[in-house]
Amino acid sequence: MNPEANSVPAAGQGKGTLRVVQLYPRDMNIYGDWGNALVLQRRISWHGYTPELLEYNVGDPFPDDVDIIVGGGGQDSGQLVIQEDLQDRAAALRDLAEDGTPMLLICGLYQLFGRFFKTRTGAVIPGIGVLDVETHGTDERLIGNVKVATPEFGEVLGYENHSGQTSLGSGVRPLGTTAKGTGNNSSDGHEGARYRNIVASYLHGSLLPKNPAIADFLIRTAAERKFGSFQPGQPDDRYAELAREHAARRPR
Ligand code: GLN
């Protein structure tokens with residue numbers, strides 16, 4: 001037996017544990033957003049770390065030692081259900097964000113990590129102000145496949161379905177510029193937001209299976225924060241590439 005083979009940790013072993021927390025999956029998890037957490041779980045393992053996937057729902061004790069936070073989309077009604085609990089967690093989530101915790105926030109939670117979401121009926125759901133963005137509900141629903149040109153992650157592909165339109169303040173930068181689809185709003189051509197180690201986006205699909213560069217950014221950042229460096233493994237990207245090819249061919 002090759003003695004060196006023993007020194008190479010098998011997938012999922014040896015490099016330490018990374019804890020992923022999915023926020024509010026009971027109320028905020030539509031269009032397959034849970035797939036983002038599953039991709040992180042699988043790729044953490046492919047990179048040779050041990051994934052730990054936890055759910056946080058309204059009323060739960062908030063987990064300690066969080067390495068990556070993932071939040072999904074939800075109907076306006078789901079946002080109303082979680083809003084009070086989210087405010088109770090606002091200070092802790094803000095501290096994690098400012099401290100550089102990598103986070104992926106999709107659609108409904110993207111909106112609520114901003115300053116506020118004013119719904120079509122005029123109700124204001126306060127956000128937690130981690131992101132310098134605000135969202136206004138409109139009568140227009142933005143639906144369809146989206147391609148985004150991003151400086152950090154290349155071409156990002158996904159699917160949008162929202163009536164809230166988000167505008168960015170000077171404290172965040174856009175994730176990218178839409179090449180197909182609408183993104184944040186129907187006026188400025190931007191999609192998503194970037195702030196510290198947060199990636200926020202309107203894109204479902206789910207996002208990470210088709211955009212492994214974003215998954216690896218979250219994992220690399222988490223590993224560097226926790227262990228001082230990231231030692232990548234060898235992920236199997238065949239299915240991600242097939243999914244990207246397929247998604248890129250879809251009409252709007
Ligand atoms: N309810 C919000 C909107 O329509 C968020 C929708 C979503 O998360 N897909 O703007």
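Please read all numbers here as calculations on a predicted model, not as lab measurements. Order of listing sets the numbers, starting from 1, for every ligand and every atom in it.
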Donor on one side chain, acceptor on other, Tyr159 and Arg250, under 3.5 Å =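 Tyr159 vs Arg250: no donor-acceptor pair found between side chains.
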
Just checking, is any N or O donor in the side chain of Tyr202 or Gln165 under 3.5 Å from an acceptor N or O on the other one?
->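 The answer is no; no qualifying pair exists.
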
Check: Phe117 ring centroid to His136 ring centroid under 6.0 Å |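 For Phe117 and His136, the ring centres are not under 6.0 Å apart.
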
Less than 6.0 Å separating the ring centroids of His162 and Tyr110?
->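 That pair fails the under 6.0 Å test.
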
Ion pair Asp60/Arg89, N-O distance below 4.0 Å =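 No salt bridge links Asp60 with Arg89.
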
Report each N/O pair between ligand 1 and the protein that falls under 3.5 Å, naming both atoms.
unit_1	atom_1	unit_2	atom_2	d
ligand 1	1 (N)	Gly74	O	3.3
ligand 1	1 (N)	Asp76	N	3.4
ligand 1	1 (N)	Asp76	OD1	2.4
ligand 1	1 (N)	Gln79	OE1	3.2
ligand 1	4 (O)	Arg141	NH2	3.4
ligand 1	4 (O)	Ser163	N	3.0
ligand 1	4 (O)	Ser163	OG	3.4
ligand 1	8 (O)	Gly74	N	2.9
ligand 1	8 (O)	Gly74	O	3.1
ligand 1	8 (O)	Gly108	N	3.1
ligand 1	9 (N)	Asn161	O	3.0
ligand 1	9 (N)	His204	NE2	3.3
ligand 1	10 (O)	Gln111	NE2	3.0
ligand 1	10 (O)	Ser163	N	3.3
ligand 1	10 (O)	Gly164	N	2.7

Same cluster (ILVMFWY, side-chain, under 4.5 Å), Ile106 and Val70 |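 Yes, because Ile106 and Val70 connect within a single hydrophobic cluster, where side-chain heavy atoms sit under 4.5 Å apart.
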
